[in-house]
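We count ligands from 1, going down the list as the structure has it; atoms in each ligand are counted the same way. Here, residue 1 is the first one in the sequence, and each next residue gets the next number.
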Amino acid sequence: MALLTPEDLENINRRLEEADAAVRSATGLDITEVCKALYKTRPCTETVGIVPITSGNGIIGSFSESLLAIIEYFGLDGFITEMPDVSGYYQAVKDEANIILMADDNTFLAHNLENGKIANNQPCTGIIYAEIASRYLHADSKDVLALGLGKVGLPGVAHLVKKGFNVYGHDPDEKLLERAVSEFGITPYAPEAENPKKFSMIFEATPCENTIPESALAEKCLVSTPGIPCGISEELRKKYNVEIVMEPLGVGTASMLYSVFD
Ligand code: NAI
Ligand code: 2YC
Ligand code: MG
């Protein structure tokens, strides 16, 4: 499981503002409007309790603080519990949190204690970044390239297929590629093919650099990627004036929150 580092989370507010501006420029909507369109929900007077969790690799510096900044960016109230783990959970409920946010090394969840809805960061992140890719205002077709068909990528692919997009996918893990083809009918994409297809919408969800080949970039292209590190180099982005939506935690967290609102 690729874990965040405190460095990934530096300047989280600026990163979120930049991502929001990039989403607006590419889709005409901001992150909140994309979430409302995705889930048809609205925030009410929810209070979010953020519970630090010490299991596994333990507390990640500024992870809880970043979550507090994120929920406040989206207009919610919240608090970080003084204690971690079970004691922290107990405090959050006693201090009347409506939504719990907490993460161990494998699962980052949002749980709405009022309506029982629960969300997992991986599918929620895949769905919102895929949704953003699919709303590119300068798209030249309904073809989307999906790179990385794992815990984040595959739910994003499922969402795109359900919305009627033509998804072309690649993952070096043949089992995952075969599963995406058989379950969702995607078309395998070969990055090193002779004259590979060009795409104006690219959804990348891998933990690797340089996964997006120059040959795949259409004249106008949006890369929507939660992947850390980024799958396209700064050099290539500048050379082709590629639009990019990329952010380490907040966009996926907004998707989780809206998926558990009423
Ligand atoms: P995962 O390991 O389940 O899936 C990643 C997939 O990428 C694997 O199947 C792997 O075979 C594939 N891959 C590796 N190199 C590739 C290439 N060159 N072309 C195509 N596919 C390639 O990981 P998961 O959980 O899906 O996370 C993906 C990335 O998203 C990680 O970097 C993770 O840290 C990041 N992430 C970011 C979030 C955010 O809010 N920005 C939230 C959650 C995860
Ligand atoms: O500080 C804490 O409470 C830690 N237990 C938090 C661990 C989060 C581990 N998960 C991740 O780093 C990934 C991120 C990409 C976002 C979601 N999961
Ligand atoms: Mg994010």
Within reach of ligand 1, part of Pro226 (heavy-atom separation under 4.0 Å): both
Shared hydrophobic cluster for Phe261 and Leu29 (ILVMFWY, side-chain gaps under 4.5 Å): yes
Single hit among His111, Glu46, Glu114 for side-chain hydrogen bond (donor to acceptor under 3.5 Å, both in side chains) with Asn98: Glu114
Salt-bridge present (Glu18, Arg14; N to O < 4.0 Å): yes
Glu247 atom (N/O/S) at minimal separation from the Mg ion (ligand 3): OE1
Min N/O separation Ile60 to ligand 2 under 3.5 Å: yes
Subset of ligand 2 atoms that lie under 4.0 Å from at least one heavy atom of Asn121: 16 (C), 17 (C)
Min heavy-atom dist Gly58 to ligand 2 below 4.0 Å: yes
Single-linkage hydrophobic cluster, 4.5 Å side-chain cutoff, Ile71 and Val251 together: yes
Pair Asp85, Thr54: side-chain N/O donor-acceptor within cut-off below 3.5 Å: yes
Selection from Gly252, Gly250, Pro155, Pro172 by shortest heavy-atom distance to atom 22 (C) of ligand 1: Pro172
Anything under 3.5 Å between a donor and an acceptor, one on a side chain of residues 216-229, the other on a protein residue two or more places apart or in another chain? List them.
unit_1: Ser224; atom_1: OG; unit_2: Tyr129; atom_2: O; d: 2.7
unit_1: Thr225; atom_1: OG1; unit_2: Glu204; atom_2: O; d: 2.7
unit_1: Thr225; atom_1: OG1; unit_2: Glu204; atom_2: OE1; d: 2.9
unit_1: Thr225; atom_1: OG1; unit_2: Gly227; atom_2: N; d: 2.9

Proximity winner for atom 2 (O) of ligand 1, if only heavy atoms of Met246, Glu209, Lys151 are counted: Lys151
Ligand 1 versus Leu4: contacting region, heavy-atom distance under 4.0 Å: neither
Region of Leu3 that comes within reach of ligand 1 [heavy atoms, distance under 4.0 Å]: neither
Check: Glu247 N/O within less than 3.5 Å of ligand 1 N/O: yes
Sub-6.0 Å ring centroid separation between Phe63 and Phe108: yes
Ligand 2 N/O within reach of Leu4 N/O, cut-off under 3.5 Å: yes
Leu176 touching ligand 1 at heavy-atom level, < 4.0 angstrom: yes
Donor-acceptor pair, side chain of Asp105 and main chain of Leu3, under 3.5 angstrom: no
Ala21 backbone acceptor or donor facing Ser25 side chain under 3.5 Å: no
cation_pi(Lys197, Phe199) dist<6.0 Å, angle<=45: yes
Any side-chain donor near an acceptor of the partner, Glu214 and Tyr240, under 3.5 Å: yes
Where ligand 2 meets Ala103 - atom numbers and elements under 4.0 angstrom, heavy-atom basis: 3 (O), 4 (C), 5 (N), 6 (C), 7 (C), 8 (C)
Contacting atoms of ligand 2, where contact means under 4.0 angstrom from a heavy atom of Asp104: 7 (C), 8 (C), 9 (C)
Asp104 and Ser55 side chains, donor-acceptor separation under 3.5 Å: no
Closest to atom 4 (O) of ligand 1 (judged by heavy-atom distance), picking from Pro123, Gly150, Pro207: Gly150
Under 3.5 Å: N/O of Pro52 near N/O of ligand 2: no
Atom indices of ligand 1 within 4.0 angstrom of Thr211 heavy atoms, with elements: 17 (C), 18 (N)
Thr54 contact mode with ligand 2 (heavy-atom cut-off under 4.0 Å): neither
Cys208: numbered ligand 1 atoms lying under 4.0 Å from its heavy atoms: 14 (C), 15 (N)
Geometric N/O contact Leu149 with ligand 1, under 3.5 angstrom: no
Any donor-acceptor N/O pair, Asp20 side chain to Asp30 backbone, under 3.5 Å: no
By side-chain hydrogen bond (donor to acceptor under 3.5 Å, both in side chains) - contacts of Asn166 (at least two apart): Asp143
Subset of ligand 2 atoms that lie under 4.0 Å from at least one heavy atom of Ile59: 1 (O), 2 (C)
Under 4.0 Å to a heavy atom of Ala2 - the qualifying atoms of ligand 1, by number: 34 (O)
Backbone or side-chain N or O of Leu249 under 3.5 Å from ligand 2 N or O: no
Minimum non-hydrogen distance to atom 11 (O) of ligand 1, winning option of Asp171, Asp173, Leu147: Asp171
Proximal atoms of ligand 1 relative to Leu249 (non-hydrogen, under 4.0 Å): 40 (O)
No-hydrogen, no-angle side-chain donor-acceptor test under 3.5 Å, Tyr90 and Thr81: no
Sub-4.0 Å atoms of ligand 1 with respect to non-hydrogen atoms of Asn121: 42 (C), 43 (C)
